[in-house]
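Hydrogens, waters and symmetry mates play no part in the numbers below; they use all other heavy atoms, side chains included. In the text below, chain A, chain B and the rest are named by the order of the sequence lines, each starting its count at 1.
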Amino acid sequence: LGWSSSLSLKDPARGCSQYNICRGERNYSWFSSSDFYSSLGLEDFPSVGDISGTEEDTESAILYGTLRGSVVGLRYYTGIVNNNEMVALQREPNNPYDKNAVRVNNVNGDQVGHIKKELAAALAGIMDSKLAVVEGVVPYGAKNVFTMPVQMSFWGREENREAVVDQLKKHGFKLAPPLKGNRFGSKWISGRAGPSYSAPVHAAVQLTTEQLKSEFDKLFEDLKEDDKTCEMEGAETVGTLLLPHQKQALAWMVSRENSNDLPPFWEERSNFYYNILTNFAEEKRPENVRGGILADDMGLGKTLTTIALILTNFQDGKPLPVERITNDKFFYVFAKYLKRGGETTVSELTLMCRLLRQWLQGTIRFLNFYFALNVQSVEKKYSDDGPRATLIVCPLSVLSNWIDQFEQHIHQDFNVNIYVYYGSDRSKDPSVLSEQDIVLTTYNILATDYGMRGDSPLHRVKWLRIVLDEGHTIRNPNAQQTKAALNLEGHRRWVLTGTPIQNSVKDLWSLISFLKLKPFTDREWWHRTIQRPVTMGTAGGLGRLQSLIRSITLRRTKTSKVKGKPVLELPERKVLIQHVTLTEEERQVYQSVKEEGKAAISRFFSEGTVLAHYADILGVLLRLRQLCCHPHLCVNTSSSFSYLSVSADNKTPEELHETLVNKMKLVLSSGSDEECAVCLESLTVPVITRCAHVFCKPCIFEVIRSEQPNAKCPLCRNGLRVEHLVECPLEEEIDSSNGKKSDQEWISSSKINALMHALIELRRDSPNAKCLVVSQFTTFLSLIENPLKESGFAFTRLDGSMAQKKRVEAIQCFQSSQAGSPTVMLLSLKAGGVGLNLTAASRVFLMDPAWNPAAEDQCFDRCHRLGQKHDVVITKFIVKDSVEENMMKIQNKKRELAAGAFATKKPSASEVKQTKINEIKALIDL
DNA sequence: ACCGCCGGGTGCC
DNA sequence: ACCGCCGGGTGCC
């Protein structure tokens, strides 16, 4: 049973886990980077564009005007509408009678009729060339037999207005100005009441950006409603006591799964159901989503709550039926094993292993040997008709966290079947999946599987429940993983996310669509009834969004209160800045490198080639940052920076390109947390362009997709081509032999001295305190190992180059409270990803600042989270009069920006460019 | 459709 | 009458 030791068990003493890792998962090779990258393969991205260009640019769309027309051919179709109901106009270029044909559909998508041909002839061109979006409302005459009127609104960007007006004029039509107060068509005057359509208005009550922002902030705040404050205990299979706010969440989730309420904006009228946004009505009761969005802040226990939900609400509030692990079970499994002559499944082995251990410990007596009698009853439990399995989809980075949490929170006396659907040998048999209690997989696997149409086991199973963890990963409606997620089958649908709205309301659509809320699954209805009214600041728009959100989401922040007490009482967190002064020699080296770099960079400025030399500049900055830490850090990189002299002149463009790309690789491989100029976050999967700029792979593919065929680099406007992109594995993964620069004698540095001084003082004052020593540079961490050993510190280390198994060991070791367990953990900034729990530490020493303050904060939160018992003190070491001080200034600016940037739109490419240039100036004191 | 349009039947008052 | 007028047949795109 060697495989079981490779499981990442929190408690090694427990041996085999209670979940069944089925075939293929036992080697746990999912963290091999090659797998990861290939599952994101190049070829996936361009195909994403197959519905490109259809999305209306909400931000800048204005209403050109309205036009009355008629819908004909009603008697040939079944789709019916109400007076004042919204209708969709859809081009039908393949209509055999008229290539200009325009279909009219009701909210349900049923065809109502066609636009009369003369008008269709005018619309066809406008719609096909996407000059305007045309929307319709049937003002009256909905019950007509042959034709009915339709009031059309034309929306588009200002610069297309004239073309649209011209096009209409050519066919003899003229736009009437927008109608006063009736912009969204929900209140057309009924009946043939004459000429009352008139007068434009842009927004009855236009909110300022500021107001919008604060309204957004309030969106998720309200939770005073009763249905969100009831509490519910978890089933006995939940092995952890839930906190009050988690019991509330459980009660809310269970009630959402079991209730039969109407979805938001639907009303029951005499004998039909009525949608108050679109005025659509139907006799069939619209399904409400049996789920919603759990949007609690990080650290409040969304994972635990979800596990509790799975175990507690199988059907109508009854718990998931699982086997209690008893002696009978052991012999039953054992007998089956013998009967087959030794062949067995991994899940059985897991069980047997565990039971055998219990038996050996004397908890099983040798009495119940009539196992055959029990076979029947055990099998019965699993022969339920309805779907049983819950699918959980999460980013790769939190996969192991889920497994840890199962391990922790599922009571060990029960056998819950969990299948980790990951790795190249994952089962292709849907029935293997549907027999599980829980199937865990990642967005990449989901998308990859979906790519091979029709043959994705995940998409052939009818799930009891689908949970999308970090649900904001599907906010891009065109991404493959979003489409893959939307196409999963199962009635109970949940989204877990800490950041439900990241940049704008737009991000919500995929989530809402995933939840299958009628009629928002169709982008047009979402857009017309919610997104546009909100972004244009129309009165009532925000109200709608608010009541929608309120009815389907639960969100508590770290400061929310339950019964007057904060949901989470986190200890205080203090950040201290410790200035470090370089020694004379260090200063000399630093200063000379700085002068050399500054000269080169100011030359780039005067030549106007700053962005072309971006890699060079990052290189200079990197070197300075490294010098602040330790002189040996940039030794291996020094030779490659000699280009700063004029030697570049006699190189071919090809060679020049190559050196630049190599430079960029070097910067990235140093561990430095560089950022992506598209998403403005830390790089995820860095790729280097031909012009030697770095971006996240998904970001740059999105740029290429949306700008094709002539995409340009967002930083320098040079041409971009997929085949020129170079992937660059993040940090240490390529550098496993780090730290062994044995040809060099070890020396200390000012920063190391400062750290050691602080550590020794800490050990003297509180010998049991544990701390994290964090740096972006793993080589620096290696250098720090030396004095730690010399001063007798027990320490452990966690960085990106370590295999998953080693990481888990390091974490367990550090978290242990046993005497003699390590008090120091050397942690690379980026290894401190989300989900990692290092609450044993109450001190953090940040050795070098990151560009992105969010990356630092995320790292601090590894210990400042649920379970932290002490106040957390963070010490940042910053070298005086250095690039580090300038970095701090930029960080502060970014913090301010982030705090106010909620509803403001993304900066444009040129703004990003300018910001970058200004940053460079500030960094090198130009 | 209690319309418009088409095309055949028809033709002083 | 190579017209007007009548009334039946007919009807989305």
query: Are the charged groups of A:E489 and A:K462 less than 4.0 angstrom apart, N to O?
result: yes
- prompt: What residues form a side chain to side chain contact (heavy atoms under 4.5 Å, CB included) with A:H171, not counting sequence neighbours?
  reply: A:A121, A:A122, A:Q167, A:F173
task: Go through residues 115-124 of chain A and report each residue with a non-hydrogen atom lying under 4.0 Å from DNA chain C, sorted by number.
output: A:I115, A:K116, A:K117
- prompt: Residues two or more places apart in sequence or in another chain: which of them pass side chain to side chain contact (heavy atoms under 4.5 Å, CB included) with A:N271?
  reply: none
task: For this output row, return yes or no: ring centroids of A:H114 and A:Y76 closer than 6.0 angstrom.
output: no
- request: Using atom OH of A:Y97 as one end and atom P of C:dG11 as the other, report the distance to the nearest whole Å.
  value: 12 Å
message: Does A:K99 have more than 12 heavy atoms from other residues, nucleotides or ligands lying within 6.0 Å of its NZ?
response: no
- request: Write down the distance separating the P atoms in B:dG9 and B:dG4, rounded off to the nearest Å.
  value: 26 Å
- request: Record whether the side chain of A:N95 comes under 3.5 Å of the base of C:dC13 through a donor-acceptor pair of N or O atoms.
  value: yes
statement: note: A:F146, atom CZ; B:dG4, atom P; distance rounded to Å ~ 14 Å
Pairs touching residues 120-129 of chain A that satisfy salt bridge (Lys or Arg N to Asp or Glu O under 4.0 Å), sequence neighbours left out: A:R91-A:D128
statement: Re C:dG9: Watson-Crick or G-U wobble partner, both distances kept under 3.5 Å, found to be B:dC5
- request: Can you tell me the distance, in whole Å, between the CZ atom of A:R91 and the C1' atom of C:dC13?
  value: 11 Å
- prompt: Got a salt bridge between A:R721 and A:E723, using NZ or NE/NH1/NH2 to carboxylate O under 4.0 Å?
  reply: yes
- prompt: Going by number, which of residues 71-81 of chain A have a non-hydrogen atom under 4.0 Å from DNA chain C?
  reply: A:V72, A:G73, A:R75, A:Y76, A:Y77
- request: Apply side chain to side chain contact (heavy atoms under 4.5 Å, CB included) to A:S510 and list each qualifying residue two or more places apart in sequence or on a separate chain.
  value: A:I474, A:P477, A:T482
- request: Using the C1' atoms only, state how far C:dC5 lies from C:dA1, rounded to an integer number of Å.
  value: 12 Å
